[in-house]
S.K.: 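Can you keep this structure in mind? I'll have questions shortly.
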Protein chains: 2
Amino acid sequence: MKAPIDQIDRTLLRLLQQDGTLSLAELADKVNLTTTPCWKRLKRLEENGILRQRVALLDPIQLGLSFTAFVQIKTSNHSKEWYKSLVEAVSDFPEVMEFYRMAGEYDYMMKVQVADMAAFDQFYKKMVNSIEGLTNVTSTFAMEPLKYTTALPL
Amino acid sequence: MKAPIDQIDRTLLRLLQQDGTLSLAELADKVNLTTTPCWKRLKRLEENGILRQRVALLDPIQLGLSFTAFVQIKTSNHSKEWYKSLVEAVSDFPEVMEFYRMAGEYDYMMKVQVADMAAFDQFYKKMVNSIEGLTNVTSTFAMEPLKYTTALPL
DNA sequence: GTTGAAACTGTAACGCA
DNA sequence: TGCGTTACAGTTTCAAC
């Protein structure tokens, strides 16, 4: 069940997180296997959830969603119930692309992707109004994206 | 050359950024087209760079890379040359998954993905030593990832 | 790890509105 | 110009070796 990941698996993962269109034959070739054993490895990686999903990445600029904001939150309520409702509420916003519970001064941080400042303002009001118990909310804005990758450093 | 994106295109993009394994026939079915026109739309979206790439998303936990840090940077050097060398140097670190020039107190922010605090410390030293002109570097750490998606809110 | 065969997919030429 | 029909080549999937 819990088969360890060897070098070949890692290479396959590295290749696929860079280019998900690689065919089985191409992948097999790059790791010096034939298609079947390569295919079995991929199946296993999918079953184990190491290969979580395959997705298309889109261009935020051409789609008019190039405004990135980071919202940091402080709260005085640290109960489990409040936490659960917060996570649910925030996760339901499609504009929130990342959300973390943080160490340090702020309790939570989220990355928000929207069209422009006006759209962010709308989002902000919507969010703050729908969540009780926030003692401090502060936003910072990205002026220019310099790097974005989904590839883990394997 | 610059064909506008209609509702069908948007639906295709929305579907593919959620699940990149959908076949042409499935996609065509969901937007009430046959495969050929659907295929032509996808080709056009790829050519225009709206559909930028297809990738596999991996599980950071199983790969032992579940430590997320945000590093914020201030600089006194705002020359173009320094900026260029900074962007290049930082982008070359595979641990840096996101990097932004920011408005507000800090000039730059990056998201760093590594194994653990020890690995982060190593990365931190490596980075700070390889970049001149940083007047202030501060790091905050994620204790728990609550949401992560690559899907733009279309 | 290999072979090979069946099912499915992507690709493109061709007509039709 | 955009869509549908059809056919062919390439790919994935998987059983048997």
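Convention: sequence-line order gives letters A, B, ...; per-chain numbering from 1.
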S.K.: Is R41(B) near enough to dG2(D) that one of its side-chain N or O atoms lies under 4.0 angstrom from OP1 or OP2?
M.R.: no
S.K.: Can you tell whether the side chains of R14(A) and D9(A) come within less than 4.0 Å, N to carboxylate O?
M.R.: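 No, this pair does not count.
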S.K.: Just to be sure I understand the geometry, which residues of residues 12-27 of chain B put a non-hydrogen atom under 4.0 Å away from DNA chain C?
M.R.: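 Close to the strand are S23(B), L24(B), A25(B).
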S.K.: Side chain to side chain donor-acceptor pair (under 3.5 Å): which pairs involve residues 123-146 of chain B, sequence neighbours left out?
M.R.: Y83(A)-E144(B), R101(A)-E144(B), E95(B)-K126(B)
S.K.: What is the distance, to the nearest angstrom, from the CG atom on D29(B) to the P atom on dC3(D)?
M.R.: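 Atom CG in D29(B) sits about 16 Å away from atom P in dC3(D).
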S.K.: Among L24(B), N32(B), D29(B), whose side chain to side chain contact (heavy atoms under 4.5 Å, CB included) with C38(B) holds?
M.R.: L24(B)
S.K.: Detail all sub-3.5 Å separations between protein N/O atoms and N/O atoms belonging to nucleotides 12-17 of chain C.
M.R.:
residue, atom, partner, partner atom, Å
dA12(C), N6, T36(B), OG1, 2.8

S.K.: Please assess L58(A) against T150(B) for the test side chain to side chain contact (heavy atoms under 4.5 Å, CB included), listing each intermediate value before the final yes or no.
M.R.: CA-CA 9 Å; L58(A) 311 181; T150(B) 57; over 6 Å; no
S.K.: N32(B) CG to dC3(D) C1': how many Å, rounded?
M.R.: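 After rounding, the gap between these two atoms is 13 Å.
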S.K.: Between R52(A) and E46(A), does any side-chain N to carboxylate O distance fall below 4.0 Å?
M.R.: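 Salt bridge absent between R52(A) and E46(A).
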S.K.: Can you measure L33(B) atom CG to dT1(D) atom C1' for me and round it to whole angstrom units?
M.R.: 14 Å
S.K.: In plain terms, say whether D107(A) and K74(A) are close enough for a salt bridge, that is, a side-chain N and a carboxylate O under 4.0 Å apart.
M.R.: no
S.K.: Once you round it to whole Å, what is the distance between P of dT11(D) and CG of L42(A)?
M.R.: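 In whole Å, dT11(D) P and L42(A) CG are 15 Å from each other.
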S.K.: Mind checking whether F141(B) and F120(B) have ring centres under 6.0 Å apart?
M.R.: yes
S.K.: Calculate the interatomic distance between R44(A) atom CZ and dC14(D) atom P; express it in whole Å.
M.R.: 16 Å
S.K.: Compute whether any side-chain donor of one residue and acceptor of the other, for N77(B) and S79(B), lie under 3.5 angstrom apart.
M.R.: yes
